[in-house]
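This report refers to the structure that appears directly beneath it.
Values below: every heavy atom of this structure, side chains too, minus hydrogens, waters and symmetry copies. Keep in mind that what you see is a predicted model, and the values were worked out from it rather than measured.
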Amino acid sequence: MRIFLPLAALLALPATTATAQTGTPAAQPAAATPTALVNVTVTTSLGPIVIAVDKEHAPITAANFLRYVDQKRLDGVNFYRAVKIQPGYGFVQFGAANDPKRALPPIPHEPTSKTGLSHKDGAISMAMGKPGTASGDFFIIVGDLSTMDATATEPGYAVFGHVVSGMDIIHHILDAPTSPTRGEGLMKGQMLEPTIKVTTVRRGPPAP
(Lines give C-alpha, C1' and ligand atoms only; values in the text may rest on other atoms or scores of the structure.)
Protein backbone atom coordinates (compact mmCIF):
# COMPACT_ATOMS: atom_id res chain seq x y z
CA MET A 1 0.00 0.00 0.00
CA ARG A 2 1.26 3.47 -0.90
CA ILE A 3 0.46 6.36 1.40
CA PHE A 4 -0.28 9.80 -0.06
CA LEU A 5 1.16 12.36 2.33
CA PRO A 6 -1.27 14.85 3.84
CA LEU A 7 -0.14 18.48 3.79
CA ALA A 8 0.76 18.48 7.50
CA ALA A 9 3.31 15.71 6.97
CA LEU A 10 5.45 17.37 4.29
CA LEU A 11 9.17 17.71 4.77
CA ALA A 12 10.92 20.87 5.82
CA LEU A 13 13.73 22.12 7.94
CA PRO A 14 12.85 23.86 11.18
CA ALA A 15 11.12 27.20 10.44
CA THR A 16 10.77 26.58 6.69
CA THR A 17 7.95 25.74 4.29
CA ALA A 18 8.11 22.57 2.19
CA THR A 19 6.98 21.79 -1.35
CA ALA A 20 4.03 19.43 -1.74
CA GLN A 21 4.77 16.11 -3.38
CA THR A 22 2.41 13.81 -5.27
CA GLY A 23 2.71 11.31 -8.09
CA THR A 24 3.92 7.87 -9.05
CA PRO A 25 7.13 6.27 -7.77
CA ALA A 26 10.32 6.27 -9.81
CA ALA A 27 11.61 2.99 -11.17
CA GLN A 28 14.13 1.29 -8.93
CA PRO A 29 17.71 1.23 -10.29
CA ALA A 30 19.81 -1.85 -10.74
CA ALA A 31 21.48 -2.94 -7.51
CA ALA A 32 24.51 -0.88 -6.62
CA THR A 33 27.87 -2.61 -6.68
CA PRO A 34 29.27 -3.40 -3.22
CA THR A 35 32.04 -0.82 -3.63
CA ALA A 36 29.43 1.87 -4.38
CA LEU A 37 27.67 1.32 -1.05
CA VAL A 38 29.27 2.82 2.05
CA ASN A 39 27.97 1.61 5.41
CA VAL A 40 27.57 4.31 8.03
CA THR A 41 26.60 3.64 11.64
CA VAL A 42 24.42 6.22 13.38
CA THR A 43 24.84 5.44 17.07
CA THR A 44 21.90 6.70 19.11
CA SER A 45 20.88 6.53 22.74
CA LEU A 46 18.59 3.67 21.67
CA GLY A 47 21.27 1.72 19.80
CA PRO A 48 22.97 1.66 16.36
CA ILE A 49 21.33 2.26 12.97
CA VAL A 50 23.37 1.15 9.94
CA ILE A 51 22.77 2.97 6.66
CA ALA A 52 24.05 1.92 3.23
CA VAL A 53 24.92 5.16 1.42
CA ASP A 54 24.55 4.80 -2.36
CA LYS A 55 27.41 6.68 -4.05
CA GLU A 56 26.64 5.12 -7.43
CA HIS A 57 23.06 6.26 -7.96
CA ALA A 58 23.08 9.45 -5.85
CA PRO A 59 26.69 10.70 -5.98
CA ILE A 60 26.01 14.35 -5.08
CA THR A 61 23.73 13.67 -2.13
CA ALA A 62 25.77 10.71 -0.86
CA ALA A 63 28.97 12.76 -0.95
CA ASN A 64 27.27 15.51 1.06
CA PHE A 65 26.18 13.08 3.78
CA LEU A 66 29.65 11.52 3.93
CA ARG A 67 31.20 14.98 4.37
CA TYR A 68 29.05 15.45 7.47
CA VAL A 69 30.11 12.02 8.69
CA ASP A 70 33.83 12.47 8.04
CA GLN A 71 33.89 15.94 9.60
CA LYS A 72 31.96 14.63 12.64
CA ARG A 73 29.31 17.30 12.16
CA LEU A 74 26.54 14.89 13.16
CA ASP A 75 28.09 13.83 16.46
CA GLY A 76 25.79 15.06 19.22
CA VAL A 77 22.80 15.98 17.05
CA ASN A 78 19.30 14.63 17.68
CA PHE A 79 16.42 12.86 16.07
CA TYR A 80 14.09 15.79 16.67
CA ARG A 81 11.01 15.17 14.51
CA ALA A 82 8.56 12.31 13.94
CA VAL A 83 5.67 12.42 11.49
CA LYS A 84 3.37 9.45 12.03
CA ILE A 85 0.79 9.36 9.26
CA GLN A 86 -0.76 6.12 10.51
CA PRO A 87 0.62 2.99 12.22
CA GLY A 88 3.62 1.77 10.25
CA TYR A 89 3.82 4.82 7.97
CA GLY A 90 5.70 8.08 8.38
CA PHE A 91 9.22 9.39 8.79
CA VAL A 92 11.72 10.54 11.40
CA GLN A 93 14.16 13.40 10.98
CA PHE A 94 17.62 14.19 12.38
CA GLY A 95 20.56 16.43 11.66
CA ALA A 96 22.03 19.90 12.03
CA ALA A 97 18.64 21.61 12.53
CA ASN A 98 19.94 24.86 11.00
CA ASP A 99 22.85 25.08 13.47
CA PRO A 100 25.36 27.36 11.65
CA LYS A 101 28.25 25.63 13.44
CA ARG A 102 27.27 22.31 11.87
CA ALA A 103 25.68 23.11 8.52
CA LEU A 104 27.66 23.03 5.27
CA PRO A 105 26.57 24.97 2.14
CA PRO A 106 23.43 23.65 0.41
CA ILE A 107 23.81 21.18 -2.44
CA PRO A 108 22.12 20.85 -5.86
CA HIS A 109 18.92 18.82 -5.85
CA GLU A 110 19.40 15.24 -7.06
CA PRO A 111 15.84 14.00 -7.80
CA THR A 112 14.65 10.42 -7.73
CA SER A 113 13.79 10.74 -11.43
CA LYS A 114 17.55 10.98 -12.00
CA THR A 115 18.80 8.49 -9.41
CA GLY A 116 16.09 5.85 -9.81
CA LEU A 117 15.83 5.56 -6.01
CA SER A 118 12.52 5.81 -4.16
CA HIS A 119 11.04 6.72 -0.80
CA LYS A 120 10.32 3.14 0.20
CA ASP A 121 10.59 1.60 3.67
CA GLY A 122 14.01 2.36 5.18
CA ALA A 123 15.06 4.96 2.60
CA ILE A 124 17.10 7.94 3.80
CA SER A 125 16.55 11.27 2.07
CA MET A 126 17.31 14.99 2.35
CA ALA A 127 15.09 17.47 4.18
CA MET A 128 14.68 20.80 2.39
CA GLY A 129 12.40 23.79 1.95
CA LYS A 130 12.86 23.89 -1.83
CA PRO A 131 15.29 22.36 -4.37
CA GLY A 132 18.84 23.56 -3.83
CA THR A 133 18.45 24.29 -0.10
CA ALA A 134 19.20 20.83 1.35
CA SER A 135 22.30 20.70 3.54
CA GLY A 136 22.54 18.88 6.87
CA ASP A 137 19.14 17.44 7.79
CA PHE A 138 17.97 13.96 6.86
CA PHE A 139 14.86 11.82 7.20
CA ILE A 140 14.23 8.07 7.23
CA ILE A 141 11.06 6.57 5.77
CA VAL A 142 8.78 4.02 7.44
CA GLY A 143 6.44 2.30 4.97
CA ASP A 144 5.95 3.20 1.29
CA LEU A 145 5.99 6.99 0.83
CA SER A 146 6.96 6.96 -2.84
CA THR A 147 4.59 9.90 -3.32
CA MET A 148 7.61 11.92 -2.14
CA ASP A 149 9.46 10.91 -5.33
CA ALA A 150 9.92 13.33 -8.22
CA THR A 151 7.26 13.60 -10.92
CA ALA A 152 6.95 15.54 -14.16
CA THR A 153 5.65 18.53 -12.20
CA GLU A 154 7.17 18.14 -8.71
CA PRO A 155 10.86 17.94 -7.72
CA GLY A 156 10.37 15.46 -4.91
CA TYR A 157 13.08 14.79 -2.33
CA ALA A 158 16.54 13.24 -2.74
CA VAL A 159 16.99 9.64 -1.59
CA PHE A 160 20.62 8.57 -1.20
CA GLY A 161 20.61 5.26 0.69
CA HIS A 162 18.69 2.88 2.90
CA VAL A 163 18.75 1.40 6.39
CA VAL A 164 20.29 -2.08 6.50
CA SER A 165 19.86 -2.65 10.25
CA GLY A 166 18.19 -0.78 13.08
CA MET A 167 14.70 -0.26 11.62
CA ASP A 168 13.34 -1.37 15.00
CA ILE A 169 14.94 1.78 16.42
CA ILE A 170 13.42 3.91 13.66
CA HIS A 171 9.97 2.48 14.49
CA HIS A 172 10.58 3.27 18.16
CA ILE A 173 11.47 6.87 17.29
CA LEU A 174 8.39 7.19 15.07
CA ASP A 175 6.23 6.13 18.02
CA ALA A 176 8.02 8.37 20.54
CA PRO A 177 6.09 11.22 22.20
CA THR A 178 5.94 14.66 20.57
CA SER A 179 5.26 18.09 22.00
CA PRO A 180 1.77 19.47 21.30
CA THR A 181 3.14 23.03 21.19
CA ARG A 182 6.70 22.97 19.83
CA GLY A 183 7.40 23.50 16.12
CA GLU A 184 6.34 26.20 13.69
CA GLY A 185 3.72 26.04 10.97
CA LEU A 186 3.19 22.55 9.58
CA MET A 187 5.76 21.19 12.02
CA LYS A 188 3.77 22.07 15.15
CA GLY A 189 3.07 18.91 17.09
CA GLN A 190 5.74 16.92 15.20
CA MET A 191 8.75 17.75 17.38
CA LEU A 192 9.98 14.94 19.62
CA GLU A 193 9.92 15.57 23.36
CA PRO A 194 12.33 14.42 24.52
CA THR A 195 14.60 14.25 21.49
CA ILE A 196 16.63 11.11 20.74
CA LYS A 197 20.38 11.72 21.03
CA VAL A 198 22.81 10.78 18.24
CA THR A 199 26.16 10.21 19.92
CA THR A 200 28.37 9.46 16.90
CA VAL A 201 28.06 8.90 13.14
CA ARG A 202 30.92 6.92 11.57
CA ARG A 203 31.71 4.95 8.45
CA GLY A 204 31.57 1.20 8.92
CA PRO A 205 29.47 -1.27 10.87
CA PRO A 206 28.92 -0.84 14.63
CA ALA A 207 31.73 -1.84 16.94
CA PRO A 208 31.26 -5.33 18.50
Side-chain angles (χ1 to χ4, degrees), residues 5-21 40 42-46 49 51 53 58 60-85 90-112 119 123-142 145 148 150 154-161 163 169-170 173-174 176-202:
L5 233 56
L7 187 63
L10 297 175
L11 258 290
L13 296 176
T16 64
T17 301
T19 304
Q21 310 302 329
V40 169
V42 180
T43 302
T44 76
S45 57
L46 300 176
I49 301 162
I51 296 166
V53 179
I60 295 171
T61 319
N64 175 69
F65 182 71
L66 292 173
R67 278 192 293 272
Y68 278 88
V69 173
D70 294 340
Q71 295 178 26
K72 301 181 181 180
R73 290 176 179 266
L74 298 176
D75 289 10
V77 303
N78 297 299
F79 277 90
Y80 57 82
R81 186 181 180 204
V83 178
K84 187 173 183 179
I85 301 166
F91 60 83
V92 298
Q93 189 166 322
F94 74 104
N98 284 334
D99 182 347
K101 295 180 180 180
R102 293 184 182 274
L104 294 168
I107 59 172
H109 183 52
E110 195 169 41
T112 54
H119 291 83
I124 183 169
S125 190
M126 294 293 303
M128 65 177 184
K130 61 182 180 179
T133 63
S135 58
D137 287 82
F138 315 94
F139 64 97
I140 296 173
I141 296 292
V142 176
L145 296 184
M148 291 176 129
E154 297 288 352
Y157 294 90
V159 178
F160 62 92
V163 174
I169 295 171
I170 298 300
I173 296 171
L174 184 65
T178 57
S179 167
T181 57
R182 289 180 53 231
E184 298 182 17
L186 298 177
M187 296 175 69
K188 187 173 182 179
Q190 299 176 354
M191 311 306 286
L192 290 168
E193 190 172 60
T195 56
I196 308 298
K197 177 65 70 177
V198 173
T199 53
T200 61
V201 184
R202 297 285 187 273

Full working for side chain to side chain contact (heavy atoms under 4.5 Å, CB included) between Ile107 and Thr61 = CA-CA 8 Å; Ile107 59 172; Thr61 319; 4.2 Å; yes

Interatomic distance, OG1@Thr44 vs CD1@Ile49, rounded to 0.5 Å, equals 5.0 Å

Ignoring hydrogens and angles, tell me if any N or O in the side chain of Thr178 forms a donor-acceptor pair with the backbone of Gly189 under 3.5 Å.
-> yes

Looking only at heavy atoms, the pair that brings Ile173 and Ala82 closest together is O-CB, 3.8 Å

Not counting sequence neighbours, list each pair that qualifies as a salt bridge (Lys or Arg N to Asp or Glu O under 4.0 Å) and has a residue in residues 192-202.
-> Asp75-Arg202

Between Arg102 and Arg73, is there a donor-acceptor pair closer than 3.5 Å when you use the side chain of the first and the backbone of the second?
-> yes

Just by modelled atom types, is the Met128 backbone N or O under 3.5 Å from a matching donor or acceptor in the Asp137 side chain?
-> no

Shortest non-hydrogen separation from Ala96 to Ala103 and the atoms involved = CB-N, 4.3 Å

Who are the side-chain hydrogen bond (donor to acceptor under 3.5 Å, both in side chains) partners of Ser179, not counting sequence neighbours?
-> Thr181

Which class fits the ring pair Phe79 and Phe94: parallel under 30°, tilted 30 to 60°, perpendicular over 60°?
-> tilted

Note: Arg81 and Val83 closest approach over all heavy atoms is NE-CG2, 3.7 Å

Does the Thr195 side chain pair with the main chain of Tyr80, one donor and one acceptor, at a distance under 3.5 Å?
-> no

Side-chain heavy atoms of His119 within contact of Tyr157, under 4.5 Å = yes

Could you go through the side chain to side chain contact (heavy atoms under 4.5 Å, CB included) check for Val40 and Leu66 one step at a time?
-> CA-CA 9 Å; Val40 169; Leu66 292 173; 3.8 Å; yes

Which atoms form the tightest heavy-atom contact between Val159 and Ser125, and what is the distance?
-> N-OG, 3.4 Å

Indicate yes or no: at least one non-hydrogen side-chain atom of Ile196 is less than 4.5 angstrom from one of Ile169.
-> no

Closest approach of Thr133 to Gly129 (non-hydrogen atoms, all atoms of both residues) = OG1-N, 3.2 Å

Residues Ser135 and Pro106: closest non-hydrogen pair is CB-CA, 4.1 Å

Looking at side-chain heavy atoms only, is the closest gap between Phe65 and Met126 below 4.5 Å?
-> no

Would you say the side-chain atoms of Thr199 pair up with the backbone N or O of Thr43, donor to acceptor, closer than 3.5 Å?
-> yes

His109 side chain to Gly156 main-chain N or O, any donor-acceptor pair under 3.5 Å?
-> yes

Can you find a pair of side-chain heavy atoms, one from Tyr68 and one from Leu104, that are under 4.5 Å apart?
-> yes

Just do the side chain to side chain contact (heavy atoms under 4.5 Å, CB included) check on Ile141 and Met148 with the steps written out, would you?
-> CA-CA 10 Å; Ile141 296 292; Met148 291 176 129; 3.8 Å; yes

